[in-house]
Q: 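To start, I am sharing the structure in question, which I have written as structure tokens.
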2 protein chains.
Amino acid sequence: MSRVSARDKLLKAAGELFYDHGITATGVDAVITRAGVAKMSLYNNFKSKSELIAAYIDARHQEWLDLFARRSDNLSNGWERVLAVFDAYQDHAEFDYQNGFRGCGLLNAAAEMPAGSQEREAVNRHKQEVREIVINQLNELPLTEESGNTAASLAEHICFLLEGSISLAGLSRDVHAISRARAMADKLIERAL
Amino acid sequence: MSRVSARDKLLKAAGELFYDHGITATGVDAVITRAGVAKMSLYNNFKSKSELIAAYIDARHQEWLDLFARRSDNLSNGWERVLAVFDAYQDHAEFDYQNGFRGCGLLNAAAEMPAGSQEREAVNRHKQEVREIVINQLNELPLTEESGNTAASLAEHICFLLEGSISLAGLSRDVHAISRARAMADKLIERAL
DNA sequence: TTAACTATACAGACTAGTCTATATAGTTAA
DNA sequence: TTAACTATATAGACTAGTCTGTATAGTTAA
């Protein structure tokens, strides 16, 4: 009957609870209850809560890559594809969250973890990958590199706008902040050409 | 002998532990042990852990206002005082944290709290106040308001850079990201004059 | 049969918060 | 000076519940 594996149910439930209430504040009992699954199904699929957290971080990373791919697939140039990075985050922000938008799930996860932890490193790698995507798209454009305006530095500026706008959008419950940041990035690229 | 009040010891200990390990992951026993204080001294000074958290958020807010005041006191114009906002965060980032820089303590605190909670609202108010400080400083400058470049929108751009750079600086352990964001803000203001 | 699942009980550490009783330092007033 | 009072601190036992993780026995479906 239930052709959804316990593992997938657990990842879905953990995704919702971790995002809404935070990771540390979410107990494994809450996860299995929401998943509608036995406790041993959790520990048969994951060695520990830590491993479930790692899988959660991986899933969010993959989810964003998929959203970006869908947004950028049919676009013709790097400029549009940089803006699609914002669109992917916007899509993410507009998911039907149980208790409202709370910013980037990965940044929130990192905020709960100690410096140097695997979890923070995993989130760091995700953000580096986003930045590299932006750099690669900008490198396709004929940037006029006057006044030290390299693709790398422009990409960093755009990533600051991205992360800052998502955090503040989550805090102020104003999802439009992300599209305003997108417009700022648009103008920056225009000026750099 | 010990002329430091239990309350101050508790706020200091909570400040360190909450920042380093997160709020939910820090138990009240850990706080009183680090403070070197009896448990009843916590509950004589604070009604609950929630109230200690609220006091922690207040203290971080006040701490930033003090850092900004010290950085901006002897500056002569709004341009420099906007850049002093970055310097205040940089000062904050260079504190001698027990376990390394982990970004903005207030944003991290908000990341652990559910949407709509008092704690998130308090952090939101802090960020709004920072933004208003930036707007007020920009309003002292003769901005050429071509292409919709108002003080408010320029301030939002600068605040995105601020929050984004702090989060990414904490993740990548690269505190210099904040000064690179400062340089970006500097160039933005220059262009807007 | 094999593998993945369920249900439930359990261990042991930890959680926030309360309680009683005691110590000490400073203030007030006879 | 002495005594009473107040405020703040201490130690440490205690409640009632939650935490992660394990153990065990039974069920379901390919």
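Here is the naming used below: chain letters follow the sequence lines, and residue numbers restart at 1 for every chain. Because the structure is predicted, anything quoted here is derived from the model rather than measured.
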Q: Base, sugar-phosphate or nothing for A/Thr26? Non-hydrogen atoms, less than 4.0 Å.
A: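 A/Thr26: backbone/sugar contact only, no base atoms under 4.0 Å.
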Q: Rounded to whole Å, how long is the line connecting atom CE of B/Met40 with atom C1' of D/dA13?
A: 13 Å
Q: Starting from P on D/dT10, measure out to OH on B/Tyr43 and report it in whole angstrom.
A: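 So the OH-P distance, B/Tyr43 to D/dT10, works out to 15 Å.
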Q: Rounded to whole Å, how long is the line connecting atom CG of B/Asn44 with atom P of C/dT20?
A: 14 Å
Q: Select base, sugar-phosphate, or nothing to describe what B/Ala38 touches, counting heavy atoms under 4.0 Å on all strands.
A: base
Q: Is B/Ser41 close enough to D/dT10 that one of its side-chain N or O atoms is under 4.0 Å from OP1 or OP2 there?
A: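 It does, given that an N or O in the side chain of B/Ser41 lies less than 4.0 Å from OP1 or OP2 of D/dT10.
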Q: Categorize A/Asp29 for me: base, sugar-phosphate, or nothing, with a 4.0 angstrom heavy-atom threshold over every strand shown.
A: base
Q: Atom NZ of A/Lys49 to atom C1' of D/dT18: distance rounded to whole Å?
A: 12 Å
Q: Around atom CZ of A/Arg173, are there more than 12 heavy atoms from other residues, nucleotides or ligands closer than 6.0 Å?
A: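 Not more than 12 within 6.0 Å, no.
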Q: Please give, in whole Å, the distance from D/dT22 P to A/Ile32 CD1?
A: 14 Å
Q: Let me know the distance between CG of B/Asn45 and C1' of C/dA16, rounded to the nearest Å.
A: 17 Å
Q: How close or far is atom C1' of D/dT20 from atom CG of A/Leu52, stated in whole angstroms?
A: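 Taking atom C1' of D/dT20 as the reference, CG of A/Leu52 is at 12 Å.
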Q: Separation of B/Lys47 atom NZ from C/dT18 atom P, in whole Å?
A: 11 Å
Q: Donor-acceptor pair under 3.5 Å: do we get one between A/Lys39's side chain and the base of D/dG21?
A: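 Indeed there is one.
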Q: Quick check: are there more than 12 heavy atoms from other residues, nucleotides or ligands sitting under 6.0 Å from CD of A/Gln118?
A: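 Counting neighbours around CD of A/Gln118, 12 or fewer heavy atoms of other residues, nucleotides or ligands fall under 6.0 Å, so no.
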